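Everything on this sheet refers to the single structure shown next.
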Amino acid sequence: MRIFLDTANIDQIKKGVKLGVVSGVTTNPTLVAKEGHKDYEAVVKEICSIVNGPVSAEVVVNDKEAMLAQARKIATWASNVVVKIPSTADGLEVISQLARENIRVNMTLCFSVNQALLGALAGATYVSPFVGRLDDAGHDGMALVKDIVDVFKQYEYLTTEVLAASIRHPLHCVAAAKAGAHIATIPYKVLLQMTKHPLTDVGIERFLADWESVSENK
Ligand code: G3P
């Protein structure tokens with residue numbers, strides 16, 4: 001399973017990329033607004049220049065024609081940009097047109113196997129089931145990821161990748177990997193949490209103390 005960062009924070013993206021484990025970024029209008037970025041195009045271009053991999057940028061209109069026009073524009077911002085389109089009937093129409101134009105799409109706000117299947121048939125490069133938001137609503141978000149993976153596996157012609165989104169904690173990452181998600185997009189905080197284990201810290205302290213205690217090593 002590959003790891004993407006789910007953020008529009010430039011500093012976090014730079015730090016994550018330095019670790020050598022981040023192969024893409026996803027953003028959404030909330031994340032961009034949270035960072036106070038005023039120039040959407042400029043920030044997406046900057047992220048695309050930092051990351052050597054796909055960067056998802058969402059359309060911020062809901063009308064079919066407007067989505068199509070905006071998606072085409074976003075697609076010109078960088079060669080590694082991927083346009084995020086919502087999982088709706090209008091969205092499907094837009095996705096299939098963009099697919100015909102070889103514009104890569106991440107179908108977002110996916111909450112059912114049916115939505116995922118339709119997104120794949122329309123030609124989305126990625127579908128993003130929102131795990132945490134389903135959990136919040138009392139459903140099993142990761143069961144959806146597993147179901148989508150299982151369905152896609154049954155049909156060779158479904159090449160769409162499953163991008164587990166709305167990941168909230170390290171256990172979600174383990175579960176997404178076990179479910180067979182191609183990618184998990186995670187907040188920077190979760191990436192740091194994934195690196196941690198108390199026994200690693202205790203082990204380092206003990207090794208260094210033992211090393212120091214031997215006089216000739218000092
Ligand atoms: O990638 C989608 C993600 O940003 C949504 O996360 O935590 O707002 O549900 P969250």
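Both ligands and their constituent atoms are indexed starting at 1 by order of listing. Worth knowing before you read on, the calculation uses all heavy atoms, side chains too, and leaves out hydrogens, waters and symmetry mates. The shown structure was predicted, so the numbers you read here are calculated from the model rather than taken from an experiment.
- Protein heavy atom closest to atom 6 (O) of ligand 1, with residue, atom name and distance, is Ser166 CA, 3.4 Å.
- Residue Asn28 has at least one heavy-atom neighbour below 4.0 Å for each of these atoms of ligand 1: 3 (C), 4 (O).
- Among all heavy-atom pairs drawn from Pro54 and Tyr126, the shortest one is CG-OH, 3.3 Å.
- Side-chain atoms of Asn28 and Glu58 form no donor-acceptor pair, as typed in the model, at a separation below 3.5 Å.
- Thr26 and Ser56 share no side-chain donor-acceptor pair at under 3.5 Å.
- Against a heavy-atom cut-off of under 4.0 Å, Arg133 is close to the following atoms of ligand 1: 5 (C), 8 (O), 9 (O), 10 (P).
- The residues Lys15 and Asp11 are annotated as salt-bridged, a charged nitrogen and a carboxylate oxygen being separated by less than 4.0 angstrom.
- Near Phe130, with a cut-off below 4.0 Å to any heavy atom, the atoms of ligand 1 are 2 (C), 5 (C).
- Considering both main-chain and side-chain atoms, Arg168 comes within under 3.5 Å of ligand 1 through a nitrogen or oxygen pair.
- Side chain to side chain, Gln97 and Glu93 fail the donor-acceptor criterion of an N or O pair below 3.5 Å.
- Short contacts between ligand 1 and Asp6, defined as distances under 4.0 Å to a heavy atom of the residue, involve ligand atoms 1 (O), 2 (C), 3 (C), 4 (O).
- Which parts of ligand 1 touch Ala165 is read off a 4.0 Å heavy-atom cut-off, strictly below it: atoms 1 (O), 2 (C).
- Relative orientation of the His172 and His169 rings is parallel, given thresholds of 30° and 60° on the angle between their planes.
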